[in-house]
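Heads up, the thing below is written out as structure tokens.
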Amino acid sequence: MNQNIILVVDYHDENCVIRTLDRATGEQTLAKVPTSPPTLSAVVERAAAEAAQRGSQLVWLQESTTGWVRVKELVGSRAQFLLANVLQMPLPPKAKRRKTDKVDTARLAREYLNGQLPLAFQPEASCRQLRRVVALREGLVARRTALRNWINRYLAHETWYDRTGLWSQRGVARLKKLNLPASDRFVIDIKMEELELLARHLERVELQLLEVYRAWPEAQRVDVIKGIGPISAVSILARIGPITRFQNAEQLISFAGLAPGIEQSDEKSRGGRIGGGGTDLHLRHYIIEATIWARSLPRYSATYQRVQRRRGAKIGRLVVGRMLLRSLFKMLRDDIAFNPESTR
């Protein structure tokens with residue numbers, strides 16, 4: 001008989017609500033404790049000692065939220081540390097939905113006992129550090145795009161300025177000399193200065209990612225695929241993490257938000273929207289961007305042309321994106337090179 005003790009935790013920066021579930025007796029108790037190393041360590045120590053006396057195991061279960069890394073380090077080997085992926089948990093009916101710490105811990109405990117609790121990936125420190133560099137670049141690119149779009153919209157609304165080649169070296173030089181009202185000139189100058197700063201920061205970040213690329217054989221193999229460059233290869237692999245976390249290619253496709261949705265009622269069913277809980281939007285962006293060039297590869301072109309004729313180029317690229325992820329999964333799992341000619 002399972003006699004484990006489970007600590008189901010709703011973690012917050014100031015206080016944690018901890019539901020203690022004793023599998024031997026079925027008894028559950030609820031406590032609110034300060035979020036501090038001494039307090040949490042004492043809770044774990046008491047529960048671990050009780051579990052050891054009966055020869056059972058202590059389980060620490062919490063949501064995948066900010067703070068799990070330091071809590072996992074604090075818990076250490078005294079308990080099995082589990083992270084719940086609440087994005088993939090089914091929600092109760094809306095009329096009965098109540099959001100309290102007590103309700104949340106009860107839901108986590110119930111799904112865990114039923115064996116239906118979806119668990120979140122716990123990336124190692126090296127993976128988390130690389131992801132932060134990748135995310136930094138993504139944030140810089142997003143800010144650069146926002147600034148350029150603002151200037152573009154301003155010119156379209158307020159001037160007849162020819163915006164062709166606006167962000168080329170000559171276009172930027174012309175923009176800086178453009179005769180504008182003093183107030184607007186001030187705003188544009190500030191935004192242009194920020195763009196120049198972003199360019200310098202992007203250069204530094206991309207040099208850092210190139211160093212990672214040169215020392216990472218898997219990234220160099222992914223870079224062979226048409227449409228994926230060195231920076232994108234590192235970013236894709238950082239987003240995917242260890243390929244062993246996915247049981248098959250379809251799980252990777254779902255993680256990237258490219259799995260086809262299904263809407264079914266009675267005997268009728270139709271395709272729904274892609275995406276869903278747990279989708280990595282940045283990974284999906286990298287893959288869809290790569291299909292602009294990858295769709296012309298012999299490996300994918302016949303399928304793309306067939307789907308494109310029936311359902312359009314957009315759906316064709318989605319299908320190629322799924323095929324590309326299946327190729328990536330096989331390359332990383334089996335440690336093999338990409339073959340653009342293969343149809344298998």
Count the heavy atoms of every other residue, nucleotide or ligand shown that sit under 6.0 Å from [atom1] of [X], and state whether that count exceeds 12.
X	atom1	answer
Arg310	CZ	yes
Arg148	CZ	yes
Asn179	CG	no

Does [X] reach the side chain of [Y], with side-chain heavy atoms less than 4.5 Å apart?
X	Y	answer
Leu195	Ile151	yes
His282	Val134	no
Leu155	Leu178	yes
Arg137	Val141	yes

Kindly give the heavy-atom pair with the smallest separation between [X] and [Y], and that separation in Å.
X	Y	result
Arg128	Pro123	NH1-O, 2.9 Å
Ile188	Trp150	CD1-CZ3, 3.7 Å
Gly171	Tyr161	O-OH, 3.7 Å
Pro181	Tyr154	CD-OH, 4.2 Å
Arg245	Pro242	CG-O, 2.8 Å

Inset, instruction - Report yes or no: do Thr279 and Arg284 form a side-chain donor-acceptor pair below 3.5 Å? - result: no
Inset, instruction - Could you state whether Leu117 and Leu113 fall into the same hydrophobic cluster, counting links through intermediate Ile, Leu, Val, Met, Phe, Trp or Tyr residues with side-chain heavy atoms under 4.5 angstrom apart? - result: yes
Legend entry - Hydrophobic cluster membership, Tyr112 vs Leu119, 4.5 Å side-chain cutoff: yes
Hey, can you pull the donor-acceptor pairs under 3.5 Å for the side chains in residues 225-238, sequence neighbours left out?
| unit_1 | atom_1 | unit_2 | atom_2 | d |
| --- | --- | --- | --- | --- |
| Lys226 | NZ | Ser296 | OG | 3.3 |
| Ser235 | OG | Ile231 | O | 2.9 |

Salt bridge [X]-[Y], side-chain N to carboxylate O under 4.0 Å:
X	Y	answer
Glu250	Arg326	yes
Asp280	Arg131	no
Arg107	Glu111	no
Arg221	Asp335	yes
Arg185	Asp189	yes

Side chains of residues 285-294: which donor-acceptor pairs under 3.5 Å do they make with residues two or more places apart or in other chains?
| unit_1 | atom_1 | unit_2 | atom_2 | d |
| --- | --- | --- | --- | --- |
| Tyr286 | OH | Glu138 | OE2 | 2.6 |
| Thr291 | OG1 | Ile288 | O | 2.5 |
| Thr291 | OG1 | Arg317 | NE | 3.0 |

Inset, instruction - May I ask you to list the residues sharing a hydrophobic cluster with Val75, side-chain cutoff 4.5 Å, ordered by chain and number? - result: Ile5, Leu7, Val9, Tyr11, Ile18, Val33, Leu40, Val43, Val44, Leu58, Trp60, Trp68, Val69, Val71, Leu74, Phe81, Leu83
Inset, instruction - Show which residues join Val224 in its hydrophobic cluster (side-chain heavy-atom contacts under 4.5 Å, direct or indirect), or state none. - result: none
Inset, instruction - Check the pair Glu50, Arg54 against salt bridge (Lys or Arg N to Asp or Glu O under 4.0 Å), reporting the backbone distance first and the verdict last. - result: CA-CA 7 Å; Glu50 185 176 348; Arg54 65 175 71 165; 3.2 Å; yes
Just by modelled atom types, is the [Y] backbone N or O under 3.5 Å from a matching donor or acceptor in the [X] side chain?
X	Y	result
Arg19	Lys102	yes
Glu63	Asp10	no
Thr39	Thr35	no
Arg299	Asn339	yes

Legend entry - salt bridge (charged side-chain N to carboxylate O under 4.0 Å, His left out) partners of Arg174, counting only residues at least two apart: none
Inset, instruction - Sequence neighbours left out, what pairs pass ring-ring contact (aromatic ring centres under 6.0 Å, His included) with at least one residue falling in residues 203-249? - result: Phe246-Phe255
Inset, instruction - In sequence, state the C-alpha distance, the side-chain angles, and the governing distance for Phe186 and Leu180, and then conclude on side chain to side chain contact (heavy atoms under 4.5 Å, CB included). - result: CA-CA 9 Å; Phe186 172 78; Leu180 299 173; over 6 Å; no
Legend entry - Matching residue for Leu82 among Ile6, Val8, Leu61 - test: side chain to side chain contact (heavy atoms under 4.5 Å, CB included): Leu61
Inset, instruction - Please round to the nearest 0.5 Å and tell me the distance separating atom CD of Glu45 and atom CZ of Arg78. - result: 5.0 Å
Legend entry - Straight-line distance of Lys32 NZ to Glu14 CD, nearest 0.5 Å: 9.0 Å
Inset, instruction - Using the side chain to side chain contact (heavy atoms under 4.5 Å, CB included) rule, take Leu130 and Leu209 through it: C-alpha gap first, then chi angles, then the decisive distance, then the call. - result: CA-CA 9 Å; Leu130 177 57; Leu209 292 176; 4.1 Å; yes
Inset, instruction - Determine, step by step, whether Ile243 and Leu328 satisfy the side chain to side chain contact (heavy atoms under 4.5 Å, CB included) criterion, reporting the C-alpha distance in whole Å, the side-chain angles of both residues, the deciding distance to 0.1 Å, and the verdict. - result: CA-CA 9 Å; Ile243 199 63; Leu328 286 171; over 6 Å; no
Legend entry - Audit row: Val133, Val212, side chain to side chain contact (heavy atoms under 4.5 Å, CB included) steps and yes/no: CA-CA 11 Å; Val133 179; Val212 175; over 6 Å; no
